[in-house]
Structure formats: C-alpha cells, structure tokens
Amino acid sequence: MLDQEYFYITTTLPYINSEPHIGFAAEIIKADVIARYQRQQGRKVFFNTGTDEHGLKVYQKAQAEGLSVAQYCDKYSAKFRPLKEKLNLSYDKFIRTTDSFHKAAAQEFWRRCLANGDIYKKTYEVKYCVGCEMEKTDSELNNGFCPLHPGQKLEIIAEENYFFRFSKYQKQLLKLYEQNDFVIPASRLKEINTFVANGLKDFSISRQRDKMPHGVPVPDDDSQVMYVWFDALVNYISTLGWPEDESNFLKYWPAIQVCGKDNLRPQAAMWQAMLMSAGIKPSKNVLVFGFLTNNGEKISKSSGNTVDPYILVDEYGSDALRYYLLAEIPTFTDGDYSEDKFIARYNADLANGLGNLVARVSNLLEKNEIETNLKPDLSIADIKETVALFKKSMEIYHFNEALHIIWKKISDLNESLSAQAPWKLNDKAEVANILIPLAQSILNLSYLLEPFMPLTSFNIQSQFQNKQIKKGEALFPRLN
RNA sequence: CGCGGGAUAGAGCAGUUGGCAGCUCGCCAGGCCCAUAACCUGGAGGUCGUCGGUUCGAGUCCGACUCCCGCAACCA
C-alpha cells in the first residue's frame with residue numbers, strides 16, 4: 001500500500017527581522033495540508049518549522065531596540081510560535097537556529113565540507129555605504145551608488161572570508177535536476193537548471209566576528225562566524241537529530257522542502273551542493289510556491305501594506321483563512337489577497353455552500369427525529385468519483401483543484417436535496433432514505449476536508465456521527 | 001538577444017497525458033420555501049493577447065511578435 005512509512009516535510013525558517021506575515025502563513029499552511037494529508041494516509045510524519053535567527057540584520061535590529069541579541073531573538077521567535085494555534089498547524093518541531101544542538105550540528109556540517117576540500121579562504125571585497133553604515137550588494141545600488149546616499153562614494157572593504165566551492169557541484173546539480181520532479185513546479189526546475197547551467201560562483205560562508213559577532217562560530221577559527229545562510233540551511237537535518245541521532249535521521253531524510261519563489265536558489269542549488277559536499281543525500285523534492293499581493297500590489301514592509309494573519313484569524317477564524325489561501329490561489333502561482341475577495345469567497349463557498357448544506361441536512365434530520373449511525377466511508381459509490389479526482393489533485397499538490405472537487409460535490413448535494421424535496425413528504429421512512437445518504441456524503445466530505453480545514457472537519461464529524469444529528473450552530477455565519 | 005511568469009465572458013480566476021470552452025461574483029427571468037435573505041432551474045455575455053505552423057482536431061504543442069509583472073546570487 002504505502003510506498004514509504006516515514007514522511008518528512010519542512011518549511012523554510014522565517015528570518016526574524018520582522019513580524020509574521022501572510023506570505024509565510026500561506027507557505028506553512030500548504031505544508032500543513034501536506035503533512036495532515038500524509039498522516040491520513042497512515043504515514044509517520046515529521047513536520048518541521050522554526051526561526052532563522054543569526055546574521056547582520058538581527059544583530060542590528062537588536063541594537064536598534066536596545067536589546068541583547070539573545071533577548072531580541074527570544075522576543076521575535078516567540079512571535080512566530082502562536083502561528084501554531086492561530087493557524088491550527090500540526091508541526092512536530094519548532095527549531096531555532098540559536099538552539100545549541102543546531103549550532104553544534106552546523107559546526108559538524110562545516111567540518112565535513114572542509115574535510116571534503118570544499119571550504120577555503122579568500123579575500124572578499126564588499127561595497128560599504130558609510131551613510132547607511134552597511135554593506136551593499138550590486139542589486140541594491142543605483143548606477144553604482146546607494147539609493148539612500150547617492151552623493152556618497154561607496155567604500156570598498158576587503159575582508160578575508162571562507163568560501164564554499166559551489167562551482168565544483170555544477171555537474172552533480174544538473175544531474176540531480178534530471179530527476180524531473182526534483183523541483184516542483186516544472187517551470188521552477190527549468191529556471192534553476194538554466195541558472196546552474198550558466199555557471200556557478202563560489203559563495204562566501206563566513207563573516208568577520210569583530211564586525212558581526214552574531215553567528216555560529218567557525219570551527220577552529222575564532223576570528224570568523226558562519227554566514228547566516230550556511231548555518232540556517234543545516235536546520236533541515238539538525239532538527240532530525242543529525243549528526244547524533246543517525247537512526248532517526250535516516251528514517252526521515254530526505255525531506256520534502258517547501259519555500260517561496262525567492263528561495264529557489266538557496267534551497268534547490270546551494271543547499272543541495274552543501275549536502276553533496278557533506279556526503280548526505282539530496283532533498284527529495286523542493287516545492288516552490290508563489291507570492292501574494294495585497295489588492296494587486298506587492299506586499300512590502302516599506303510600503304506598509306503587510307497583512308497580519310493574526311488579525312484575520314481573530315476576525316474570521318483559522319479555517320476561513322486557510323480556505324481562502326488554499327482555494328483562491330493555485331498552489332504554485334502568485335495570488336492576490338484582498339478583504340473584498342476574502343469576504344466574497346467566504347460567503348459563496350463557506351456560508352452559502354458548505355455551511356448552508358450542513359444546516360439544511362442536519363435541521364431536517366433533527367426535525368424529523370431520524371436516527372443515524374454513520375462513519376466516514378470513502379468506499380461507497382456516491383463518493384468514489386470525488387475521492388478519485390481528489391486524490392489525483394492531491395498527489396500533484398493542486399490544492400485549489402482538490403477543494404474545487406469537494407465543492408462540486410457540495411453543489412451536487414445541494415441540488416440533490418432540492419430535487420428530492422424531503423420537506424414535502426410525510427412518510428418518515430421515505431424522508432430518511434433521502435437524508436441519510438446525504439448525511440453520509442457530508443460526513444465523507446468532511447473527512448476529505450480535514451487537511452484543509454481541521455476544525456470544521458472535526459466539528460462536522462462529531463455532529464454527523466451522533467445518533468440523533470442536530471442542527472447546532474452555524475458553521476460559517478454569513479458576512480455582510 | 002540575462003532568467004522566469006502572465007495575457008481565457010463586465011470583474012476576479014480555473015483549465016498538466018491536445019477532443020463539444022469552465023468556476024465564483026455581478027446581471028436578467030423563473031422555482032422553492034428545509035436552510036445562514038440561503039438553495040434549485042434557465043438565460044444573456046468569450047474570434048481563450050496578435051500572426052503563422054503541426055494535427056482529423058489546439059486555450060492546451062511549435063515558431064515569431066505585442067503588452068504587463070517578478071527576479072538578476074553572497075540583502076536569508
């Protein structure tokens with residue numbers, strides 16, 4: 001039956017230089033759907049997330065807020081933890097890259113890459129804007145000048161850093177990409193393949209400690225700390241107990257990794273090369289999701305149009321937010337959020353669709369005092385086609401389609417109920433013959449819905465497994 | 001010739017092995033009255049960005065073009 005007993009999925013770790021935003025919420029919700037679906041299939045799932053806490057920006061923000069780096073990290077990491085309850089996530093582990101076991105793992109990882117001849121020292125030239133008191137990369141510059149200080153010439157500072165021999169792994173990476181589902185969707189695989197085929201430059205993996213002390217110490221060199229990327233990526237294996245707990249690690253690795261499209265290179269190329277260097281199998285798949293816009297506009301901290309997932313949950317509930325993000329936006333493409341769209345979706349699908357159907361059927365069962373004894377059963381004929389189509393969509397992570405298939409069935413059930421009009425009948429047995437199969441189908445749908453809307457699924461399942469099904473409270477009161 | 005994405009009904013969007021063009025909202029006309037002013041039926045509305053090609057057949061594959069949008073590595 002099951003091709004594999006163990007299943008491991010991980011999100012990227014959000015960097016704690018700001019509050020949680022809707023984009024990361026969308027990413028982790030999709031990962032949660034996959035994790036819950038795999039558990040339903042009977043697999044032993046390990047679902048990882050956490051926070052990425054090293055590096056210059058955190059160091060500077062801590063100073064700006066007048067906190068020690070440790071205090072700052074504790075404060076901001078703690079802002080991400082409530083996502084679990086707020087979004088009703090089922091992750092198993094919340095790792096912090098400042099956890100001591102992680103730092104030790106990152107150092108061991110470094111040693112293995114070093115032993116393999118892939119880490120070397122080189123002088124690294126950085127452009128430094130005195131006005132910002134910050135290093136600048138070329139992509140941040142306008143015609144070679146800092147956009148904030150266009151009159152000032154940038155200083156070139158030479159710094160001795162460790163580099164990772166990324167270029168060495170070009171061929172192996174291209175070979176890896178021959179596994180044509182390594183990166184999903186295919187367009188992203190093509191993108192990374194072209195990028196790697198065009199040639200790789202070794203990248204810097206350390207910083208001078210006297211300038212930026214907030215990082216994992218480089219083994220056997222007190223003057224340097226690891227560059228944040230290098231240590232952060234190792235979390236995907238340190239969270240499994242690598243290197244100490246080899247048996248647990250081997251059970252779960254390799255991972256399905258999910259990330260936003262900005263993370264394609266780090267996840268699908270840099271990290272994979274690092275794994276190769278350390279002698280560890282590459283990830284199983286990298287799923288690359290799109291970005292969200294707010295009312296058609298790019299979401300950015302500077303323009304102040306970020307969307308706070310906590311506010312939406314408090315107002316509409318976690319399942320409604322999950323439903324919107326999963327149903328309205330195709331898994332791998334960019335999508336848009338706006339309150340108008342959210343309310344329109346909510347009313348059309350949740351209030352008028354699912355909620356109203358559940359209310360109709362449960363009310364009729366209660367009024368007619370019809371007793372039932374139901375359990376979810378996906379083998380019955382009525383639901384078979386829906387289940388088959390649903391599974392097909394789930395296997396390729398097309399969650400919007402999977403939900404569309406469920407909602408098609410909801411629509412069919414509404415139609416069937418209207419056509420049979422049991423409220424016109426007097427014979428109780430006849431009424432029961434109409435309602436019980438409908439109730440059974442609702443129960444089955446609620447089972448399919450569990451990975452997407454766990455609370456609603458649970459509510460419907462407990463409601464419809466009672467002997468005397470009762471109407472109860474509205475699942476999704478209509479919004480005006 | 002840097003890389004990639006998009007262009008489908010008034011709006012917002014689905015449509016991955018090529019096979020009578022779909023969904024939601026909105027609009028019009030009926031029905032029902034169990035239900036969350038909900039539900040059901042019917043209707044108007046599209047030359048699927050443009051041009052060409054492959055094919056019995058293309059929104060779907062190939063080529064060219066136009067217009068929008070991201071990204072352009074050590075900033076995670």
Side-chain angles (χ1 to χ4, degrees), chain A residues 12-17 52-58 97 124 126 134-140 161 163-164 166 185-188 190-195 198 200-207 227-233 259-267 269-270 290-291 293 296 298 327-330 332-336 338 340-341 343-345 347-368 392-393 396 398 400-401 404 407-408 411 413-425 431 435 471 473-480:
Chain A
T12 54
L13 303 190
Y15 196 61
I16 55 169
N17 63 344
D52 177 6
E53 308 185 10
H54 288 120
L56 184 63
K57 288 209 166 170
V58 164
T97 57
Y124 167 56
V126 293
M134 265 181 81
E135 293 176 12
K136 294 283 168 177
T137 60
D138 288 339
S139 58
E140 287 176 308
N161 281 173
F163 274 69
F164 176 71
F166 193 30
S187 57
R188 295 290 171 206
K190 194 176 147 199
E191 188 177 343
I192 196 66
N193 189 72
T194 306
F195 167 71
N198 283 342
L200 299 176
K201 280 197 243 172
D202 296 349
F203 56 87
S204 161
I205 55 171
S206 73
R207 286 292 182 270
Y227 177 57
V228 58
W229 264 120
F230 192 88
D231 103 73
L233 289 166
C259 65
K261 66 182 181 183
D262 57 334
N263 258 279
L264 177 63
R265 288 173 187 186
Q267 307 299 330
M270 293 158 74
F291 275 0
T293 52
K298 186 174 167 179
E328 175 78 13
I329 299 151
F332 299 108
T333 63
D334 292 348
D336 187 48
S338 75
D340 287 350
K341 280 186 181 175
I343 290 172
R345 266 277 172 186
N347 281 335
D349 295 352
L350 299 179
N352 301 351
L354 177 62
N356 188 49
L357 174 69
V358 165
R360 295 174 84 187
V361 173
S362 58
N363 181 56
L364 287 165
L365 285 164
E366 182 177 0
K367 272 190 175 171
N368 288 286
K392 222 171 144 187
S393 292
I396 52 174
H398 287 196
N400 58 322
E401 284 173 31
H404 188 78
W407 256 261
K408 174 72 176 72
S411 170
L413 296 176
N414 260 324
E415 183 185 333
S416 170
L417 180 57
S418 294
Q420 298 184 83
W423 50 87
K424 286 181 176 169
L425 305 174
V431 173
L435 293 177
K471 186 178 175 194
E473 301 233 336
L475 288 173
F476 298 100
R478 206 183 145 82
L479 302 170
N480 293 306

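Chain A is the first sequence line, chain B the second, and so forth, proteins listed ahead of strands; every chain is numbered from 1. Remember, it's a predicted structure, so these values are computed and weren't measured experimentally. We use all heavy atoms of the structure for the numbers below, so side chains are in, but hydrogens, waters and symmetry mates are not.
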Inset, instruction - Name the nucleic acid region contacted by A:A351, choosing base, sugar-phosphate or nothing; use a 4.0 angstrom heavy-atom cut-off, strictly under. - result: base

Inset, instruction - Indicate, with a heavy-atom threshold strictly under 4.0 Å, whether A:N161 touches base, sugar-phosphate, or nothing. - result: nothing

Show each protein N/O and nucleotides 3-14 of chain B N/O combination with a separation under 3.5 Å, one pair to a line.
from	atom 1	to	atom 2	distance (Å)
B:G12	O2'	A:K341	NZ	3.3

Inset, instruction - Decide whether A:N356 and A:R478 meet the rule of one side-chain donor and one side-chain acceptor closer than 3.5 Å. - result: no

Legend entry - Which nucleotide in B:U36, B:C23, B:A35 has an atom nearest any side-chain atom of A:H404: B:C23

Inset, instruction - State whether A:K367 places a side-chain N or O below 4.0 Å from either non-bridging phosphate oxygen (OP1 or OP2) of B:A35. - result: yes

Inset, instruction - Kindly indicate whether a cation-pi arrangement holds for A:R265 with A:F195, taking the cut-offs as under 6.0 Å to the six-membered ring centre and within 45° of the axis. - result: yes

Inset, instruction - Assign A:A344 to base, sugar-phosphate, or nothing according to its heavy-atom contacts below 4.0 angstrom with the strands shown. - result: nothing

Inset, instruction - Would you classify A:G55 as touching base, sugar-phosphate or nothing, given that sugar-phosphate means primed atoms plus P, OP1 and OP2, and contacts are heavy atoms under 4.0 Å? - result: nothing

Inset, instruction - Report yes if a side-chain nitrogen or oxygen of A:R207 is closer than 4.0 Å to either non-bridging phosphate oxygen (OP1 or OP2) of B:C75; otherwise report no. - result: yes

Legend entry - Phosphate OP1/OP2 of B:C75: any A:Y15 side-chain N/O under 4.0 Å: no

Legend entry - Reported CZ-to-OG distance for the pair A:F230 and A:S204, which is rounded to 0.5 angstrom: 11.0 Å

Legend entry - Nucleotide of B:G70, B:C40, B:A35 approaching A:K261 most closely (side-chain heavy atoms): B:G70

Inset, instruction - List for me each residue that meets ring pair (Phe, Tyr, Trp, His ring centres under 6.0 Å) alongside A:W407, sequence neighbours excluded, and say none if there are none. - result: A:Y323

Legend entry - Partners passing salt bridge (charged side-chain N to carboxylate O under 4.0 Å, His left out) against A:K261 (at least two apart in sequence or in another chain): A:D334

